[in-house]
Amino acid sequence: MTQGERRTTARRTVLGAAGATVLGASTALAAETGAAQAADERTAAADRAHGGGRGYRSLPVPTVIAHRGASGYRPEHTLGSYRHALDLGAHVIEQDLVPTKDGHLVCRHENDITGTTDVADHPEFASRKTTKSVDGTSYTGWFTEDFTLAELKTLRAKERIPGTRQKNTLYDGRWTIPTFEEVLRWAEDEGRRRGREIWLHVETKHPTYFRSLGLGLEERLAKLLRRYGRHRANSPVFLQSFEPSSIQRLSKLVDSPGVVLLSGAASRPWDFVQAGDPRTVADLVTPEGLRWIASYAKGIGPTLDLVIPKDASGRLGDPTTLVRDAHAEGLILHPYTHRNENAFLPVDFRRGTDPTAYGDSFGALKRYLGTGIDGLFSDNPDTALLGAADLTARD
C-alpha cells in the first residue's frame with residue numbers, strides 16, 4: 001500500500017491478540033452448464049471456508065491489517081510473509097496487485113521489481129531494464145508488465161529495505177512472486193485449516209496507468225473475486241486504491257466493500273490529475289468529500305498523518321477531526337502504516353540514535369488507536385495486536 005514509497009465504534013475484543021497465534025450446440029450447452037455448476041460448487045465451498053461471510057462489521061476493532069504480510073519479519077508480498085502474519089494473529093492480510101505482460105495479477109507493492117526480486121541477477125533479463133514514467137514519476141528498473149507470468153516465476157523475492165531489516169535478508173530467495181489467484185487458493189486452504197475466514201485487503205496499484213496499457217486491473221480482479229466467492233457485500237475482502245475511480249469501477253462489478261486510500265493532504269490522486277479534477281486529498285477529507293466517498297465506498301485508508309499530524313520537529317500534535325467526520329458518514333478508517341523501527345516512528349517515540357532499532361512502538365500505538373480509528377496497517381502485526389489489547393483492556 002503506502003503511496004509514494006519505493007472506521008468511533010464500540011470496542012470489541014481483539015480476536016487472536018493474546019495467542020499470536022469448460023460439436024455441437026448441445027455439447028456446448030452441456031459444457032457451459034457443467035462449468036456453471038463447477039463455479040457454483042466452488043463458490044459454495046469458498047463460502048463454507050470463509051465461515052459463512054459475516055461481513056466487515058464482524059471484524060475485531062481495532063482491526064490489525066498485516067501490511068504486505070508480516071513485512072517487518074519476512075520479505076513483503078510472499079506466501080511466507082502472509083502465513084507468518086496469520087501465525088502472529090493478524091486479522092486481515094494485505095495484497096498489492098500489478099499485472100504481468102500476459103494479464104495475470106501478481107502481488108508486488110510496485111510494478112518496479114528491481115528492489116524486491118533478484119531480477120538484476122538474471123542476465124537473460126538484462127535487456128528488459130528500462131526507464132518509465134509511472135503516475136508522473138520516472139523510475140529505472142525492471143517492470144512486471146514487461147514479463148510474462150512464466151518469466152516472473154523464475155525470479156525469487158527478496159527484502160526491499162535490507163539496510164533497515166537485515167534479519168529479513170535471511171529469507172531472500174525462499175519464495176517466488178505469488179499470483180493473486182494463488183493467494184485466493186492459499187486463503188481457502190488456510191481458512192479450512194484454521195477454522196475461520198481469512199480476510200484480505202486488496203489494492204489496485206496504478207490503475208489508470210495500467211488501463212492505458214490495455215491491462216485494466218478492475219475487470220481482472222472482479223473475475224477472480226467471483227470465481228472464489230469473494231464478490232459479495234459480506235465477503236471477507238476489502239478492495240482499496242489510491243484512485244477513487246478504481247473503487248467506483250469495482251463497485252459496479254462486485255459488492256465487496258471498497259476503501260479509498262488517502263495520501264498527503266496536498267497530493268492529488270493520479271486519476272484526478274489525468275481527468276483534470278482539481279481536488280486534493282485535503283478536499284476529500286472534508287465532510288463534503290467524505291460524503292462523496294461514502295456514496296460508493298465503505299471506508300477510507302488515510303495516512304496516519306491525516307489522523308494525527310506531526311509538527312515541524314516530527315513530533316505528534318493534536319488529532320484532527322477526521323475520525324469523527326468519517327464516522328459521521330458511516331465510513332470506517334484503516335490508516336497506514338505503523339512500524340516498529342525508529343526511522344518510521346514520530347520523533348517523540350524514537351529511542352536512541354539507531355534508525356533501525358525499535359522505538360516506543362506501543363506509545364505511538366496508544367496515541368493512534370486512542371483516536372477511535374477502526375484499525376490500522378502494520379508491518380509488525382504482533383506489536384499492533386498487543387497495543388490494541390492494551391486499549392481494549394481499558395474500555
Side-chain angles (χ1 to χ4, degrees), residues 1-4 6 22 39 68 77 94-113 116 128 130 132-139 141-153 177-185 200-233 235 237-263 268-277 293 295-298 301:
M1 99 90 101
T2 313
Q3 183 82 336
R6 257 263 175 157
V22 187
R68 313 176 198 170
H77 288 314
E94 186 198 27
Q95 296 78 43
D96 295 320
L97 303 185
V98 293
T100 66
K101 182 179 183 178
D102 47 349
H104 295 275
L105 298 180
V106 296
C107 300
R108 291 287 87 187
H109 173 55
E110 288 292 343
N111 52 326
D112 181 356
I113 55 173
T116 61
R128 306 276 179 98
T130 187
K132 297 189 178 191
S133 178
V134 182
D135 294 3
T137 301
S138 179
Y139 300 99
W142 289 265
F143 300 83
T144 60
E145 64 268 28
D146 296 330
F147 291 78
T148 65
L149 178 59
E151 290 173 330
L152 278 184
K153 281 296 187 178
I177 298 174
T179 67
F180 184 53
E181 184 162 22
E182 288 172 337
V183 172
L184 289 168
R185 291 171 179 164
L200 308 176
H201 217 302
V202 186
E203 181 182 348
T204 57
K205 301 292 297 191
H206 310 301
T208 295
Y209 168 79
F210 285 121
R211 185 165 293 278
S212 73
L213 301 180
L215 292 169
L217 302 176
E218 294 84 3
E219 293 80 7
R220 290 173 168 85
L221 174 53
K223 182 178 180 179
L224 286 171
L225 293 173
R226 289 185 174 279
R227 184 180 299 168
Y228 288 87
R230 289 181 180 254
H231 62 290
R232 302 182 177 89
S235 295
V237 63
F238 293 100
L239 306 179
Q240 53 172 336
S241 184
F242 280 100
E243 297 188 20
S245 63
S246 184
I247 300 303
Q248 289 176 311
R249 188 183 298 272
L250 281 165
S251 73
K252 294 178 173 64
L253 297 171
V254 293
D255 294 325
S256 316
V259 174
V260 175
L261 300 172
L262 302 168
S263 190
R268 291 169 67 198
W270 186 247
D271 54 341
F272 282 19
V273 174
Q274 294 297 95
D277 188 327
I293 291 174
S295 69
Y296 59 87
K298 299 300 183 183

For this session: Return the minimal non-hydrogen interatomic distance between Ala297 and Ile247, and the atom names on each side.
Result: CB-CG2, 4.1 Å
Exercise. Any idea which heavy atoms bring Asp146 and Glu151 closest together, and the distance?
Worked result: O-OE1, 4.3 Å
Problem set entry | Heavy-atom closest pair, residues Gln240 and Gln95 | NE2-O, 4.4 Å
For this session: With sequence neighbours left out, write down each residue that passes side chain to side chain contact (heavy atoms under 4.5 Å, CB included) with Lys153, or none if nothing qualifies.
Result: Leu149, Thr176, Thr179, Glu182
Exercise. Looking at Trp270 and Gly136, what are the two nearest heavy atoms and their distance?
Worked result: CH2-N, 3.5 Å
Problem set entry | Nearest heavy atoms of Leu217 and Pro99, plus distance in Å | CD2-CD, 3.7 Å
For this session: Name all residues meeting the side-chain hydrogen bond (donor to acceptor under 3.5 Å, both in side chains) criterion together with Thr208; count only those two or more places apart in sequence or in a different chain, and write none if there are none.
Result: Glu243
For this session: Sequence neighbours left out, what passes salt bridge (Lys or Arg N to Asp or Glu O under 4.0 Å) with Asp255? Give chain and number order.
Result: none
For this session: Report yes if the side chains of Leu250 and Thr204 come closer than 4.5 Å at any heavy-atom pair, otherwise no.
Result: yes
Problem set entry | Distance in Å, Leu200 CG paired with Leu184 CG, rounded so as to fall on 0.5 Å steps | 6.5 Å
Problem set entry | CG on Leu225 to CZ on Phe180, rounded to 0.5 Å | 5.5 Å
Exercise. For Phe147, what residues pass the ring-ring contact (aromatic ring centres under 6.0 Å, His included) criterion, not counting sequence neighbours?
Worked result: Phe125
Problem set entry | Test item: Val202 and Arg230 side chains (from C-beta on) under 4.5 Å apart, heavy atoms | no
Exercise. Taking C-beta and beyond as the side chain, do Phe238 and Pro257 meet within less than 4.5 Å on heavy atoms?
Worked result: yes
Exercise. Can you tell me how far the CD atom of Gln274 sits from the CZ atom of Arg268, to the nearest 0.5 Å?
Worked result: 9.5 Å
Problem set entry | Test side chain to side chain contact (heavy atoms under 4.5 Å, CB included) applied to Glu145 - qualifying residues, sequence neighbours left out | Asn111, Lys132, Phe143, Tyr209, Phe210, Leu213, Leu215
Exercise. Roughly how far, to the nearest 0.5 Å, is the CZ atom of Arg220 from the NE2 atom of His104?
Worked result: 9.5 Å
Exercise. Going by atom types only, do Glu110 and His206 share a side-chain donor-acceptor pair under 3.5 Å?
Worked result: yes
Problem set entry | Any side-chain heavy-atom pair of Tyr228 and Arg185 under 4.5 Å | yes
Exercise. Between the main-chain N or O of Ser245 and the side-chain N or O of Asp271, is there a donor-acceptor pair closer than 3.5 Å?
Worked result: yes
For this session: Any chance you could measure Asp96, atom CG, to Cys107, atom SG, to the nearest 0.5 Å?
Result: 8.0 Å
Problem set entry | Closest non-hydrogen atom pair between Ser246 and Ser241, with its separation | CB-OG, 3.6 Å
Problem set entry | Polar contact flag, side-chain donor to acceptor under 3.5 angstrom, Ser235-Ser256 | no
Exercise. Would you call Ile293 and Pro244 a side-chain contact if the rule is heavy atoms closer than 4.5 Å?
Worked result: no
For this session: Check salt bridge (Lys or Arg N to Asp or Glu O under 4.0 Å) between Arg211 and all other residues, then give those that pass, not counting sequence neighbours.
Result: Glu218, Glu219
Exercise. Are any side-chain N or O atoms of Arg226 and backbone N or O atoms of Val254, one a donor and one an acceptor, separated by less than 3.5 Å?
Worked result: no
Exercise. Between the side chains of Arg108 and Thr116, is a donor N or O closer than 3.5 angstrom to an acceptor N or O?
Worked result: yes
Problem set entry | Criterion side chain to side chain contact (heavy atoms under 4.5 Å, CB included) on Leu239 and Leu221, from CA distance to verdict | CA-CA 10 Å; Leu239 306 179; Leu221 174 53; 4.2 Å; yes
Exercise. CG/Leu224 to CD/Glu181 distance, rounded to the nearest 0.5 angstrom?
Worked result: 5.5 Å
